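In what follows, a single structure is set out as structure tokens and then discussed.
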Amino acid sequence: MIERPVRDLHSSKQVQPLFCKVIVDGDKVTLESKGKDNKKQTISWKDMVYQVEAAIEDASKPLPK
């Protein structure tokens, strides 16, 4: 298992801000961030990709008249 930080690579700050961590455990990939009260929140990579791809697809559709 490995954990790596995911940072804002477009930040102009000397130390780029942490967005979340990616955790890879075999075939299982999870993103982890801290929410309210520093409680850890996680989402699977597959769920993240599914939702982003759906948003991209919806954005490419013409707006209803």
Side-chain angles (χ1 to χ4, degrees):
M1 180 178 84
I2 64 166
E3 290 186 21
R4 296 259 170 89
V6 176
R7 298 186 177 275
D8 179 359
L9 299 179
H10 290 90
S11 172
S12 61
K13 295 181 179 181
Q14 186 173 0
V15 177
Q16 296 159 328
L18 178 68
F19 178 71
C20 68
K21 282 196 245 179
V22 62
I23 302 162
V24 181
D25 189 4
D27 291 343
K28 185 178 173 188
V29 180
T30 305
L31 300 174
E32 178 183 280
S33 66
K34 289 188 179 178
K36 287 186 176 183
D37 303 325
N38 279 336
K39 290 184 181 178
K40 292 180 183 177
Q41 297 177 315
T42 62
I43 185 171
S44 78
W45 176 247
K46 289 179 181 180
D47 288 353
M48 176 70 83
V49 170
Y50 173 81
Q51 292 176 68
V52 170
E53 287 176 346
I56 291 168
E57 184 178 329
D58 287 349
S60 69
K61 293 178 183 175
L63 294 174
K65 294 180 180 181

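Predicted model only: the values in this text are computed from it and were never measured.
- Residues Val22 and Val49 share a single hydrophobic cluster, defined by chaining ILVMFWY side chains whose heavy atoms lie under 4.5 Å apart.
- Tracing side-chain contacts under 4.5 Å through hydrophobic residues (I, L, V, M, F, W, Y), one never reaches Met48 starting from Tyr50; they form parts of separate clusters.
- Interatomic distance, Lys46 NZ to Ile43 CD1, rounded to the nearest 0.5 Å: 13.5 Å.
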Just list the side-chain donor-acceptor pairs under 3.5 Å for residues 14-21, sequence neighbours left out, or say none.
from  : atom 1 : to   : atom 2 : distance (Å)
Gln16 : NE2    : Leu9 : O      : 3.4
Lys21 : NZ     : Glu3 : OE1    : 3.1

Table please: side-chain donor-acceptor pairs of residues 53-61 below 3.5 Å, with sequence neighbours left out.
from  : atom 1 : to    : atom 2 : distance (Å)
Ser60 : OG     : Glu57 : O      : 2.7

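- Here Gln41 contributes atom CD and Thr30 contributes atom OG1; the two are 13.5 Å apart, rounded to the nearest 0.5 Å.
- Grouping Ile, Leu, Val, Met, Phe, Trp and Tyr residues whose side-chain heavy atoms lie under 4.5 Å apart, directly or via other members, places Ile23 in a hydrophobic cluster with Met1.
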